[in-house]
> 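One structure, as structure tokens, below. Some questions next.
Chain identifiers are assigned alphabetically (A, B, ...) following the order of the sequence lines, protein sequences preceding nucleic acid strands; residue numbering begins at 1 within each chain. Fair warning: this is a prediction, and the values are worked out from it, not measured in the lab. Computation of the quantities below employed the complete heavy-atom set of this structure, encompassing side-chain atoms and omitting hydrogens, waters and symmetry-equivalent molecules.
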Protein chains: 2
Amino acid sequence: MDSTVTLSDVAAKAGVSIATASRALAGKPRVSREMIDRVRAVAAELGYRVDPVARALREGSSRLVGMIVPVIGIPFFAQLVDAIEEELGHAGFELLLADSHGFVEEEIRRIRVFGDRRVDGIVIVPADRTASVQALANVRAGLPVVEVDRATDRPIADFVGVDNGLGMQLLFDHLSERGVTTVAFAGSDDASTNGVERWAGFERLARSHGMRVTASYRGEFSTESGVAAADHILAAGALPDAIVCGSDQIAVGVISRLHRRGHDVPGDVLVTGFDGSELASVFWPTITTVVQPVSSIAADAVSLLLGRVEGGDGATRRSLLAPTLQLGESTDRAASTRGHELG
Amino acid sequence: MDSTVTLSDVAAKAGVSIATASRALAGKPRVSREMIDRVRAVAAELGYRVDPVARALREGSSRLVGMIVPVIGIPFFAQLVDAIEEELGHAGFELLLADSHGFVEEEIRRIRVFGDRRVDGIVIVPADRTASVQALANVRAGLPVVEVDRATDRPIADFVGVDNGLGMQLLFDHLSERGVTTVAFAGSDDASTNGVERWAGFERLARSHGMRVTASYRGEFSTESGVAAADHILAAGALPDAIVCGSDQIAVGVISRLHRRGHDVPGDVLVTGFDGSELASVFWPTITTVVQPVSSIAADAVSLLLGRVEGGDGATRRSLLAPTLQLGESTDRAASTRGHELG
DNA sequence: GTGAAAGCGCTAACAT
DNA sequence: ATGTTAGCGCTTTCAC
């Protein structure tokens with residue numbers, strides 16, 4: 001397979017100038033109807049495809065979008081990458097992927113490279129809500145950026161994410177119905193807006209629902225952090241009625257640890273997650289969680305980004321999408337993992 | 001941040017011709033020592049970085065490597081992407097990522113686009129061991145390809161993956177020590193080499209260890225497939241001593257389903273996974289699995305690929321890496337999930 | 001050892 | 001409506 005068919009090959013075979021061939025293919029105005037047909041036919045016959053590199057050099061644009069995530073290994077981010085990639089594909093863009101491993105320095109390096117590569121836009125899940133502001137200062141002038149899932153403190157770019165407050169509310173309404181009166185929190189620190197907002201939502205809602213908070217632990221969005229959280233909560237005294245976790249990964253860590261230390265979920269304590277990753281539906285027990293509308297987030301992010309690529313401007317926007325509650329066994333006392341013979 | 005510093009800016013400020021500047025920066029032979037220093041100093045001062053697009057057009061190479069995976073959502077593939085990306089980064093290459101969603105047509109489309117983009121090489125996890133041969137026929141002449149994790153039937157490209165036979169042997173030796181005499185298989189169909197080889201290994205080793213095979217189910221590498229497998233195995237009669245699964249995802253499905261239908265793992269039946277994804281260590285029970293040496297696979301794949309990029313040729317190679325066994329609770333009867341109070 | 005100039009493939013002024 | 005030409009930024013002959 002060798003695609004060394006250039007525009008001049010097409011022009012030659014069609015018996016026209018290379019400029020006309022270019023215009024005909026691009027569907028630019030002043031070209032006759034028949035010319036367009038003729039050139040297109042020849043191009044198709046020869047299997048011609050524009051050279052994106054030459055075009056990028058000439059136009060200063062590459063039909064490439066760079067994306068930076070903190071850890072591709074977290075299932076939720078993998079889903080997000082997949083959704084963004086698909087959405088970009090519809091619009092004729094490719095995805096240049098980079099993993100910052102949570103380091104702002106890595107973000108800076110990647111952002112520079114993206115600029116050099118003439119990407120048309122950048123999709124980023126900022127590693128740190130304050131420090132990443134510096135990273136984004138390295139973005140080429142005029143290059144559109146959209147923050148996804150996590151925002152930076154300063155509104156320096158469009159943002160698309162989930163409404164954390166609403167998510168927490170869905171969770172609390174559910175727990176309230178289940179008769180929960182004491183709760184604990186196992187979430188992440190203030191490095192990300194999700195960490196901040198989910199914690200804030202938890203506190204506010206616990207208060208408004210008249211629930212007592214027995215303990216709270218704030219680490220990272222990881223399973224290990226969930227394990228540590230469980231130990232912390234157990235050390236604080238009697239188990240609460242429910243433990244609200246900042247992510248599904250954390251919930252998995254919490255539940256695993258509780259089980260190992262002899263406590264049943266949901267028999268002894270209810271547990272909730274956040275994200276709606278596949279993990280929540282395959283874990284045993286399945287986890288009640290707040291499902292993020294990943295496809296909508298991706299669609300919104302890409303349309304916002306491409307809107308600016310095509311020259312759209314205006315104030316930066318924050319687009320908060322409504323999540324939904326997905327019930328699982330982890331908040332259904334009848335599903336206690338102690339009582340087998342369920343199905 | 002605007003990096004519109006071009007080579008001619010550097011040349012001008014250094015008071016030399018653009019040709020000399022280029023040579024000095026590239027470290028090409030006939031340039032005087034002092035010239036090199038002077039140009040480099042100016043370049044650093046101006047913050048000059050070569051324009052990869054212009055270079056790509058001129059050289060026909062882009063320092064970009066395209067990678068195609070069947071599903072980025074499978075944790076093991078996410079890990080692989082991460083490892084490959086990191087390895088490429090060390091060598092100064094970027095990753096262009098594509099998800100084939102398991103479709104050969106998607107692979108073809110992506111391979112063509114990669115060619116147009118002048119990628120220097122392609123890393124692919126083929127969707128189908130026979131059909132993907134067609135997809136790879138669309139690779140630009142001379143463009144190096146390395147298959148990772150799964151190979152195509154015909155040796156049309158270098159391959160780096162795990163030694164499935166050895167992996168199965170580690171598993172069987174372990175099960176044998178545990179006194180297992182009857183086994184069932186929950187794996188994938190013949191669409192991938194991993195599906196073929198793990199099944200072949202299972203059959204061969206069950207026979208050589210004198211174990212009776214009570215049932216076998218072959219679907220996909222998914223949790224859902226594991227659920228179906230569990231139902232199939234239960235329908236076949238009494239539970240075997242152990243169920244060997246073709247992947248961690250399948251194992252998770254199998255265990256979840258068994259639990260829901262009232263059977264304990266490892267109390268009633270031992271279960272093993274394959275891949276060594278994070279899932280295996282966070283699931284409850286943790287899963288005994290065959291850990292693929294992901295970093296080594298990535299390092300090998302990239303060095304093989306870049307070796308060919310730099311002109312290396314020779315017969316295609318198959319590089320099989322040795323996996324290791326990771327013990328988990330799923331094959332440790334003392335860890336029965338029925339007996340709580342373990343930790 | 002250094003400079004001048006061609007040219008990678010394309011698009012967009014600027015002619016005609 | 002179509003052709004001619006410049007030039008995006010770089011590397012690399014080819015002259016000197």
> Start with the C-alpha gap between A:Glu45 and A:Lys13, add the side-chain angles, then the distance that decides, and say whether salt bridge (Lys or Arg N to Asp or Glu O under 4.0 Å) holds.
CA-CA 10 Å; A:Glu45 184 189 340; A:Lys13 178 140 189 182; 3.1 Å; yes
> In whole angstrom, give the distance that lies between atom CZ of A:Arg63 and atom P of C:dT11.
11 Å
> Scan B:Val50 against the nucleic acid and name what it touches under 4.0 Å (heavy atoms): base, sugar-phosphate only, or nothing.
sugar-phosphate
> May I ask you to check whether over 12 heavy atoms, not counting those of B:Glu85, lie within 6.0 Å of atom CD?
yes
> Considering residues at least two apart in sequence or located in another chain, which fulfil the side-chain hydrogen bond (donor to acceptor under 3.5 Å, both in side chains) criterion with B:Arg109?
B:Glu106
> Just to be sure I understand the geometry, which residues of residues 36-45 of chain A put a non-hydrogen atom under 4.0 Å away from DNA chain C?
none
> With a 4.0 angstrom cut-off to heavy atoms of chain B, pull out the first and last contacting nucleotide of DNA chain D, in 5'-to-3' order.
D:dG9 to D:dT13
> Where do A:Asp99 and A:Arg110 land on the salt bridge (Lys or Arg N to Asp or Glu O under 4.0 Å) test, with the steps shown first?
CA-CA 9 Å; A:Asp99 189 325; A:Arg110 296 334 198 94; over 6 Å; no
> Could you walk me through whether A:Asp37 and A:Arg33 pass the salt bridge (Lys or Arg N to Asp or Glu O under 4.0 Å) test, one step at a time?
CA-CA 7 Å; A:Asp37 295 341; A:Arg33 189 62 244 168; 3.1 Å; yes
> Protein-nucleotides 5-8 of chain C N/O pairs closer than 3.5 Å?
residue: C:dG7; atom: N2; partner: B:Arg58; partner atom: NH1; Å: 3.0
residue: C:dC8; atom: O2; partner: B:Arg58; partner atom: N; Å: 3.4

> Could you go step by step and tell me if B:Leu64 and B:Phe93 meet the side-chain contact (heavy atoms from CB on, under 4.5 Å) rule?
CA-CA 5 Å; B:Leu64 231 41; B:Phe93 286 75; over 6 Å; no
> When you measure from the side-chain N and O atoms of B:Thr20 to the phosphate of C:dT2, is any distance below 4.0 Å, counting only OP1 and OP2?
no
> Could you walk me through whether B:Arg150 and B:Arg129 pass the side-chain contact (heavy atoms from CB on, under 4.5 Å) test, one step at a time?
CA-CA 8 Å; B:Arg150 306 177 179 178; B:Arg129 68 178 226 283; over 6 Å; no
> Looking only at heavy atoms, which two atoms of A:Glu107 and A:Ala127 are closest? And how far apart?
OE2-N, 2.8 Å
> Only counting residues at least two apart or in another chain, list the ones meeting side-chain contact (heavy atoms from CB on, under 4.5 Å) with A:Ala83.
A:Val294, A:Ala298
> With respect to B:Ile297, which candidate in B:Leu321, B:Val302, B:Asp149 satisfies the side chain to side chain contact (heavy atoms under 4.5 Å, CB included) definition?
B:Leu321
> Report which part of the nucleic acid A:Ser32 touches: base, sugar-phosphate, or nothing (heavy-atom distance under 4.0 Å, all strands).
sugar-phosphate
> Less than 4.0 Å between a side-chain N and a carboxylate O, is that true for B:Arg63 and B:Asp120?
no
> Over how many whole Å does the gap from B:Asp116 atom CG to C:dG9 atom C1' extend?
12 Å
> Any donor-acceptor pair under 3.5 Å linking the side chain of B:Asn138 with the backbone of B:Arg112?
no
> Assign A:Arg55 to base, sugar-phosphate, or nothing according to its heavy-atom contacts below 4.0 angstrom with the strands shown.
sugar-phosphate
> Which range-with-range stems can be found for DNA chain D when each stem has 3 or more Watson-Crick or G-U pairs in a row and both distances sit under 3.5 Å?
C:1-16 with D:1-16
> Rounded to the nearest 0.5 Å, how far does CG of A:Leu305 lie from CE of A:Met67?
11.0 Å
